[in-house]
2 protein chains.
Amino acid sequence: MATLKDIARALDLSITQVSRALNDHSDVNEATRLRVKATARAMNYHPNASARKLVSGRSGMVGLVVPNYRNIGQDRIFMEVVAGLSTQFSGRGMQFVLHMMAEHEPALPVYQKLIGTAMLDGFVLIDPMEHDPRIDFLRKAGVSFVVHGRSGKTIDYPYFDIANEQLAYDLTAHLTQRGHRRIAFLNGRADRSYVTVREQGYIRALRDGGGEALPHLHLNGEMDEAHGLTDTIRLFSGEAPRPTAIVCGNVRLARGVYQGLEALGLSVPGDVSVVAHDDELPALRASAFFPSLTVTKSPLRDSWEPLADCLAGAIEGKPLGTLQRLGSYNFIERNSVARL
Amino acid sequence: MATLKDIARALDLSITQVSRALNDHSDVNEATRLRVKATARAMNYHPNASARKLVSGRSGMVGLVVPNYRNIGQDRIFMEVVAGLSTQFSGRGMQFVLHMMAEHEPALPVYQKLIGTAMLDGFVLIDPMEHDPRIDFLRKAGVSFVVHGRSGKTIDYPYFDIANEQLAYDLTAHLTQRGHRRIAFLNGRADRSYVTVREQGYIRALRDGGGEALPHLHLNGEMDEAHGLTDTIRLFSGEAPRPTAIVCGNVRLARGVYQGLEALGLSVPGDVSVVAHDDELPALRASAFFPSLTVTKSPLRDSWEPLADCLAGAIEGKPLGTLQRLGSYNFIERNSVARL
DNA sequence: CGGTCCTCCCGAAACGTTTCGGAAAACATA
DNA sequence: TATGTTTTCCGAAACGTTTCGGGAGGACCG
């Protein structure tokens with residue numbers, strides 16, 4: 001509740017000088033600066049965020065806007081995102097605002113309103129679509145934001161992403177190099193941008209390695225155990241030529257694939273080889289699979305720090321070059337692939 | 001980006017009158033009011049939250065401060081809380097700020113700082129301890145808050161809670177009425193306020209129903225499957241007199257208890273009767289237990305609306321009487337209890 | 001000694017809103 | 001005609017901060 005005026009009165013200084021002292025401006029005597037800072041601490045002073053925002057344009061608050069959906073409470077990835085980002089921003093002295101929309105509420109008006117009231121300095125965008133309207137909207141509005149992933153043709157905004165094209169290439173090439181020609185790819189939902197990019201890597205690896213690019217072997221859908229299971233059953237049920245190997249978009253899919261193959265009486269890697277990308281989601285360890293799973297590994301939890309970093313940088317007006325980051329991944333060979 | 005000044009200029013009115021028109025004050029001509037509101041909408045006006053806060057003291061933002069801990073991403077209850085509260089406040093046109101502390105960071109300084117910067121109108125407190133210092137702190141600071149549960153002697157603050165004493169009484173009495181005398185209670189962590197209250201209900205029911213209040217039958221701990229399992233094994237391992245029935249603080253504990261009893265070769269309800277309180281956590285249905293579980297049911301997800309309601313009411317200065325709410329629960333008898 | 005350059009400070013304006021205290025005009029009342 | 005009352009409006013102050021423009025005093029230089 002203490003204000004600059006209180007401190008100024010206590011020290012017989014002007015408000016101006018107190019403000020300058022606290023903000024480490026140049027033209028204030030060192031002794032004065034120390035006196036001011038000491039009394040500020042003593043009086044338990046915290047600058048009023050609204051007043052500061054009003055004149056300086058910064059509030060130190062960033063937002064995440066997400067749609068609510070049934071069972072969001074069970075979505076571990078969402079939980080990771082929220083906990084990770086919140087922790088990161090709290091640690092930077094910033095505040096994290098979580099805005100949860102009604103299930104089918106359109107997003108743009110929500111951003112519009114949040115921007116209008118001017119209480120947020122920027123946004124984190126997750127789950128970008130292939131041509132994501134939010135990006136255009138925020139770009140036009142001139143608001144800072146950072147994208148988890150990339151989307152669209154002109155990537156002129158801050159982002160953190162992993163090399164999804166290369167990762168899908170590596171996984172697929174690992175299989176072609178071991179003689180596999182018919183390789184299935186259980187990919188994510190078709191409207192997500194990283195899904196398209198991964199598909200390109202998969203196709204490129206097939207082409208380079210002499211694999212067959214059969215449309216029925218590339219499947220899109222939610223990346224959970226249920227889809228891994230059902231897709232696997234379908235792959236080995238019809239008349240169409242069957243794969244000898246399966247690339248999974250994440251480890252949850254792979255778990256479903258293992259269950260499906262077991263149900264079909266097929267062994268890993270004897271009958272079918274399996275590889276996956278591993279986000280290191282909690283309580284799902286690829287090394288604990290039997291047989292242990294060959295993966296490209298890139299923990300999702302390594303995303304939050306660079307994302308917060310980039311958004312904070314964007315708000316401070318740092319040059320774009322420093323705000324576009326690519327995460328690394330490791331290729332970990334285990335026991336789920338056979339040489340044909 | 002449009003301001004009151006812009007609207008005033010466009011309509012050749014004073015800023016004062018525009019503000020009063022938009023806020024539905026009395027002394028503004030009906031025709032003027034409509035004109036103002038129309039142009040405000042046309043110019044896509046949203047009041048600047050910081051400016052408003054500065055003069056009116058309200059920002060429309062509320063906060064939740066929680067400690068981060070390992071594997072918080074796997075904690076479904078936390079997820080429910082965040083998603084539920086965020087949705088509720090978003091729906092009320094308020095913003096929900098999630099502040100995640102470092103793992104062992106003391107909480108009070110964080111509240112202190114958040115209060116100091118004056119950007120929040122109030123707080124939601126979850127997981128109250130038996131004598132929770134946060135309550136005293138916020139009460140002294142004169143900040144609005146609402147507690148999920150109750151704590152301390154003087155309950156002079158807004159809260160939403162369920163009748164934990166009565167609920168534990170009902171579960172225990174259900175067993176004594178069927179002839180059980182040695183009844184174990186797997187309760188929550190001893191420092192939580194609702195745990196103490198439930199213990200009182202358990203004791204009262206034992207006394208009323210002629211049960212034996214044996215200290216070794218009342219166990220405290222995290223309410224998860226692992227503890228349900230280990231506590232059960234221990235209850236039936238030592239020299240001490242063994243229970244004929246077990247009351248579980250939640251359904252996760254009960255699941256562990258079922259597993260433990262199965263491992264010990266004991267049947268439900270033939271050898272041991274089991275009852276529990278059911279928060280209706282996702283993916284854990286008491287009716288799907290075998291044998292199906294007798295419970296007191298009170299869905300956790302019914303908490304968020306009254307909590308948001310009470311906090312919003314407290315901020316608006318409504319009388320305390322309307323801000324203290326008790327949730328109801330149902331007693332659902334199924335097949336996990338035998339008559340002795 | 002006059003001029004220039006630091007060092008340290010301050011008043012005042014600005015950000016966008018709400019609200020207090022009038023005040024002009026129109027109209028009714030005595 | 002004088003006196004209230006109602007309706008509709010406005011200027012100005014206030015919230016707490018940052019920042020612009022300037023200014024007093026001293027040191028330094030030629």
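Naming convention: chains lettered A, B, ... in sequence-line order (proteins, then strands); numbering from 1 in each chain. All values derive from a computational prediction rather than experimental measurement.
- Applying the 4.0 Å criterion to OP1 and OP2 of dT17(D), one finds that Ser19(A) has every side-chain N and O outside that range.
- Close to dC10(D), at under 4.0 Å from its OP1 or OP2, lies no side-chain N or O of Thr16(B).
- Residue Lys5(B) contributes atom NZ, which lies 9 Å from atom C1' of dC15(C) at whole-angstrom precision.
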**Request:** Would you sort out whether Tyr194(B) and Asp161(B) count as a side-chain hydrogen bond (donor to acceptor under 3.5 Å, both in side chains), showing the intermediate values?
**Result:** CA-CA 9 Å; Tyr194(B) 73 90; Asp161(B) 200 1; over 6 Å; no
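- The phosphate of dC9(C) (OP1 or OP2) has no side-chain N or O of Asn29(A) nearer than 4.0 angstrom.
- Arg134(B) and Ile126(B) get closest at one heavy-atom pair: NH2-O, 2.9 Å.
- The nearest whole Å value for the distance from the CG atom in Leu4(A) to the P atom in dC15(C) is 19 Å.
- In this entry the distance linking CD of Glu30(A) with C1' of dC9(C) reads 16 Å, nearest Å.
- Per the geometry, NZ belonging to Lys53(B) stands 11 Å off C1' belonging to dC15(D), to the nearest Å.
- Residue Met43(A) contributes atom CE, which lies 14 Å from atom C1' of dG16(D) at whole-angstrom precision.
- An end-to-end axis angle of 60° holds for the helix from dC1(C)-dG30(D) to dA30(C)-dT1(D), taken from five base pairs per end and rounded to 10°.
- Nucleotides of DNA chain C nearest to Asp27(B) and Val55(A) differ in position, and the one nearer the 5' end is that of Val55(A).
- Counting any heavy atom pair closer than 4.0 Å across all strands shown, Ser50(B) reaches no nucleic acid atom.
- Note on Ser26(B): nothing from the nucleic acid sits closer than 4.0 angstrom, heavy atoms only.
- You'll find the side chain of Gln95(B) stays beyond 4.5 Å of the side chain of Leu98(A), heavy atoms only.
- Nearest nucleotide to the side chain of Val28(B), out of dC10(C), dC9(D), dG16(D): dC9(D).
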**Item:** Intermediate values then yes/no, side-chain hydrogen bond (donor to acceptor under 3.5 Å, both in side chains), Asp121(A) and Ser59(A)
**Value:** CA-CA 6 Å; Asp121(A) 292 345; Ser59(A) 64; 3.1 Å; yes
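- In this structure, CD1 on Ile315(A) lies 11.0 Å from CE on Met61(A), to the nearest 0.5 angstrom.
- Nearest to the side-chain atoms of Gln17(A) among the listed nucleotides dG16(C), dT18(D), dC9(C) stands dC9(C).
- Atom CG of Asn48(B) is separated from atom C1' of dC15(C) by 8 Å (rounded to the nearest Å).
- Across dG11(D), dT17(D), dT18(C), the shortest atom-to-atom separation from the side chain of Arg52(A) is found for dT17(D).
- Of all heavy-atom pairs spanning Leu64(A) and Val124(A), the tightest one is CD1-O, 3.3 Å.
- The shortest heavy-atom contact between Ser303(B) and His148(B) is OG-NE2, 3.3 Å.
- Considering only the side chain of Tyr45(B), dT17(C) comes nearest among dT17(C), dT18(D), dC10(C).
- Rounded to whole Å, the distance from CE on Met119(B) to P on dT17(D) is 13 Å.
- Protein atom CD1 of Ile15(B) is 12 Å distant from nucleotide atom C1' of dC15(C), rounded to whole Å.
- Distance CE/Met100(B) to CZ/Phe96(A): 9.0 Å, rounded to 0.5 Å.
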